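Numbers for residues simply follow the sequence, beginning at 1. This structure is a prediction, so every number in the text was calculated from the model and none was measured.
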Amino acid sequence: MGEPQQVSALPLPPVQYIKEYTDDNVRKGLVPKPPSPVKDSYMMFGNQFQCDDLIIRPLESQGIERLHPQQFDHKKELRKLNMSILVNFLDLLDILIRSPGSVKREEKLEDLKLLFVHMHHLINEYRPHQARETLRVMMEVQKRQRLETAERFQKHLERVVEMIQNCLASLPDDLPLPDSGVTITTEPMEMQEPSIDQQDVPPEASASVKETVDKDAAMCVVIDEMT
């Protein structure tokens, strides 16, 4: 008979699944289907679990004797268990010194095992609280980071506004007109017959429009010199 084949308890590496999802396989519909959801029971670490089991199962459902009452203080019970484990360990050492082959040695080992199971169970009952605290800390960190980012953005925005205001304040009132070397080209526009409103435009309004165009041209010259 051949040697027994070793079966890994861990799933295959991700590459074994990723290489199946190529573009060609996706087009041809040859990609593997996702695993079906577990309905009844499943195996994990060599133990069988039911899907409707509680995350933290009671000791009685596991066939373990309960040493503490239903209503208790976790801190006090953990301290008592810690002290009981220490005392039973010292008793076990005394038994091993006086009578290693005594039946009491097995009894003390069972007592220690039961105490460790209870301590492990009480620690597991803190897992939901630990998960909530971890989530709370993560959310506080995210909140602090977002507030710091918003504060930095506000400071940069204030600096930009201040720089723009300083630039506007430093501009002279009488900006020089562009010299003869600067030409402003415009696209030709179709000539239209002046409407009644255009005919009625007063001369001072036309002069104001020309002054605005001259200021815009002067501003363009200043910006070109700055860059």
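- Among residues two or more places apart in sequence or in another chain, the ring-ring contact (aromatic ring centres under 6.0 Å, His included) test is passed with H121 by none.
- Within the structure, salt bridge (charged side-chain N to carboxylate O under 4.0 Å, His left out) contacts touching residues 15-34 (residues at least two apart or in different chains) are D24-R27, D24-K28.
- Evaluation of the salt bridge (charged side-chain N to carboxylate O under 4.0 Å, His left out) rule for E158 yields no partner, not counting sequence neighbours.
- Atom CD in E110 sits 12.0 Å away from atom CZ in R105 (nearest 0.5 Å).
- Listed by chain and number, the residues in a side chain to side chain contact (heavy atoms under 4.5 Å, CB included) with I123 are L78, M119, R127 (sequence neighbours excluded).
- Qualifying side chain to side chain contact (heavy atoms under 4.5 Å, CB included) partners for D40, counting only residues two or more places apart in sequence or in other chains: none.
- Rounded to the nearest 0.5 angstrom, I85 CD1 and L112 CG are separated by 7.0 Å.
- Applying the 6.0 Å contact sphere to CD of E125 captures more than 12 heavy atoms from other residues, nucleotides or ligands.
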Between K104 and E107, does a salt bridge (Lys or Arg N to Asp or Glu O under 4.0 Å) hold up when you go through it step by step? CA-CA 5 Å; K104 293 183 178 179; E107 295 178 356; over 6 Å; no

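- Other residues, nucleotides and ligands contribute only 12 or fewer heavy atoms inside 6.0 Å of the CE atom of M163.
- Applying the salt bridge (charged side-chain N to carboxylate O under 4.0 Å, His left out) test to every pair with at least one member in residues 144-154, sequence neighbours left out, gives these pairs: E151-K155.
- Under the side chain to side chain contact (heavy atoms under 4.5 Å, CB included) criterion, I164 pairs with V160, L168, sequence neighbours left out.
- Side-chain contact between K113 and L109 is absent, with no heavy-atom pair separated by less than 4.5 Å.
- Here the CG-CG distance, from L81 to N88, works out to 10.5 Å after rounding to the nearest 0.5 Å.
- Hydrophobic clustering of Ile, Leu, Val, Met, Phe, Trp and Tyr side chains at less than 4.5 Å, counting indirect connections, unites F116 with L92.
- E162 is linked by a side chain to side chain contact (heavy atoms under 4.5 Å, CB included) to N166, counting only residues two or more places apart in sequence or in another chain.
- Taking the six-membered ring for Trp and the full ring otherwise, the centers of H74 and F72 sit less than 6.0 Å from each other.
- Counting only distance, with no hydrogens or angles, the side chain of S102 and the backbone of S99 share no donor-acceptor pair below 3.5 Å.
- Pairs engaging residues 83-95 under the salt bridge (charged side-chain N to carboxylate O under 4.0 Å, His left out) rule: D91-K108, D94-R98 [sequence neighbours left out].
- Between L115 and L67, some side-chain heavy-atom pair lies under the 4.5 Å cut-off.
- Distance check, rounded to the nearest 0.5 Å: CG of L122 to OH of Y126 gives 8.5 Å.
- Within the structure, salt bridge (charged side-chain N to carboxylate O under 4.0 Å, His left out) pairs that include any residue of residues 73-85 comprise E77-K80 (at least two apart or interchain).
- Every side chain to side chain donor-acceptor pair (under 3.5 Å) that H120 has, sequence neighbours left out, goes to N124.
- For F89, there are no ring-ring contact (aromatic ring centres under 6.0 Å, His included) partners, not counting sequence neighbours.
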